[in-house]
Amino acid sequence: MTRILIVSGSLRAGSFNTALARTAQQLAPGGVQVDVATLHGIALYDGDTEAREGIPAAVLALKERVLAADGLLLATPEYNNGVPGVLKNGIDWLSRADLKAVFGGRPVGLMGASPSGFGTLLSQAAWLATLKSLGAQVYSGSALMVSRAHTVFDAQGQLTDERTRQLLTDFVADFAAFVQQQRR
Ligand code: FNR
């Protein structure tokens, strides 16, 4: 069994990125288990809090979920042509929890959804420098940028567009194959 954890970078109940992650969970091929995590409950990084209280329980819980997975996918929104602060904050906390164990050599991929025509192109590009600095094995075999997200999801967060469902199916399968290859 290949285990993939998808971390959604949006806290919104109606988030397209969380909906994308949940759909990926449904579309995963046999032998691939996808779990979805959100960043609710993770406070803003504060070095004083860390010095006083150590790594917060919510961060440690997320760390354990990453460690239990073989590969990590970030479902990233794009804010102002860059990475969203919520997700960067989560990754920053994880790097403080245990940089090497969480990210070192870990297969990490990116996907994202946005109502714009570019579908998180710039935030995914911006993530690359961070992932490289963390020592992750960045997946570059294929990309998933869901543009005009409001037209492919319905109000309940169901991915109704068949073409996008196929793209997501292929992307998850390809990323899982990359993860399996890295394990070998
Ligand atoms: C956005 N949005 C946005 N979209 C985009 O494609 N490029 C961008 O640069 C931005 N910038 C931006 C800044 C800020 C502060 C917000 C709040 C939003 C729109 C964004 O893609 C949209 O709100 C998505 O719905 C966010 O993802 P979730 O929450 O649906 O997962």
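Since the model is a prediction, treat every value here as computed from it, not as a measurement. Read the numbers this way: they start at 1 and go in the same order the structure lists the ligands and their atoms. Heavy atoms only: backbone and side chains are in, while hydrogens, waters and symmetry mates are out.
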Colleague: Under 3.5 Å between some N or O of ligand 1 and some N or O of Phe16?
Modeller: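 Yes, there is a polar N/O contact under 3.5 Å.
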
Colleague: Where's the contact between Arg12 and ligand 1, heavy-atom distance under 4.0 Å: side chain, backbone, both or neither?
Modeller: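 Side chain only.
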
Colleague: Looking at atom 15 (C) of ligand 1, what's its closest protein heavy atom, distance included?
Modeller: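 The protein heavy atom lying closest is Asn80 ND2, 3.9 Å.
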
Colleague: For residues Pro77 and Pro84, report the shortest heavy-atom separation together with the two atoms involved.
Modeller: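 Closest approach of Pro77 to Pro84: O-CD, 3.2 Å.
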
Colleague: N/O to N/O below 3.5 Å, does that happen between Ser114 and ligand 1?
Modeller: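 Yes, Ser114 has an N/O under 3.5 Å of an N/O on ligand 1.
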
Colleague: May I ask you to check whether Asn81 has an N/O atom sitting below 3.5 Å from an N/O atom of ligand 1?
Modeller: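 In this structure, Asn81 places an N or O atom under 3.5 Å from an N or O of ligand 1.
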
Colleague: For ligand 1, is there an N or O atom under 3.5 Å from any N or O atom of Tyr79?
Modeller: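 In this structure, Tyr79 places no N or O atom under 3.5 Å from an N or O of ligand 1.
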
Colleague: Counting neighbours of CZ on Arg52 that are heavy atoms of other residues, nucleotides or ligands and sit closer than 6.0 Å, is the number greater than 12?
Modeller: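 Correct, the count exceeds 12.
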
Colleague: What is the closest protein heavy atom to atom 21 (O) of ligand 1, and at what distance does it sit?
Modeller: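 Ranking protein heavy atoms by distance from atom 21 (O) of ligand 1, first comes Pro115 CD, 3.2 Å.
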
Colleague: How are the rings of Phe178 and Tyr139 set to each other: parallel, tilted or perpendicular (split at 30° and 60°)?
Modeller: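 Phe178 vs Tyr139 ring planes: tilted.
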
Colleague: Could Asp92 and Lys88 be called an ion pair, given the rule that one side-chain N must be under 4.0 Å from one carboxylate O?
Modeller: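 Salt bridge flag = yes for Lys88 with Asp92.
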
Colleague: How many angstroms lie between atom CZ of Arg3 and atom CG of Leu67, to the nearest 0.5 angstrom?
Modeller: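 It comes to 10.5 Å.
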
Colleague: Return the closest protein heavy atom for atom 3 (C) of ligand 1 as residue, atom name and distance.
Modeller: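 In this structure, atom 3 (C) of ligand 1 has Glu78 O, 3.1 Å as its nearest protein heavy atom.
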
Colleague: Might you check, step by step, whether the distance between atom 23 (O) of ligand 1 and some protein heavy atom is under 4.0 Å?
Modeller: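 No, because not a single protein heavy atom sits under 4.0 Å from atom 23 (O) of ligand 1.
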
Colleague: Mind checking whether Ser15 contacts ligand 1 via backbone (N, CA, C, O), side chain (CB onward), both or neither, at a 4.0 Å heavy-atom cut-off?
Modeller: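 Both backbone and side chain.
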
Colleague: Give a yes or no answer on whether the side chain of Thr169 reaches the backbone of Arg165 with a donor-acceptor pair at less than 3.5 Å.
Modeller: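 Yes: the side chain of Thr169 pairs with the backbone of Arg165.
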
Colleague: Near Ser116, which atoms of ligand 1 are under 4.0 Å from a heavy atom of that residue?
Modeller: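 Numbered from 1, ligand 1 contributes 6 (O).
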
Colleague: To which protein heavy atom is atom 29 (O) of ligand 1 closest, and what is the distance rounded to 0.1 Å?
Modeller: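 Ranked first by proximity to atom 29 (O) of ligand 1 is Ser10 OG, 2.7 Å.
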
Colleague: Is there a donor-acceptor pair under 3.5 Å between the side chain of Gln25 and the backbone N or O of Val34?
Modeller: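 Confirmed, Gln25 side chain pairs with Val34 backbone.
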
Colleague: Looking only at heavy atoms, what is the nearest atom pair of Thr23 and Gly157, with distance?
Modeller: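 Smallest heavy-atom distance, with atoms named: OG1-O, 4.4 Å.
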
Colleague: So which atom in Ala69 and which in Ile4 form the shortest heavy-atom distance, rounded to 0.1 Å?
Modeller: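 Closest approach of Ala69 to Ile4: CB-C, 4.3 Å.
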
Colleague: Which atoms from ligand 1 have a heavy atom of Asn17 less than 4.0 Å away?
Modeller: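 Counting atoms of ligand 1 from 1, those under 4.0 Å from Asn17 are 27 (O), 28 (P), 31 (O).
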
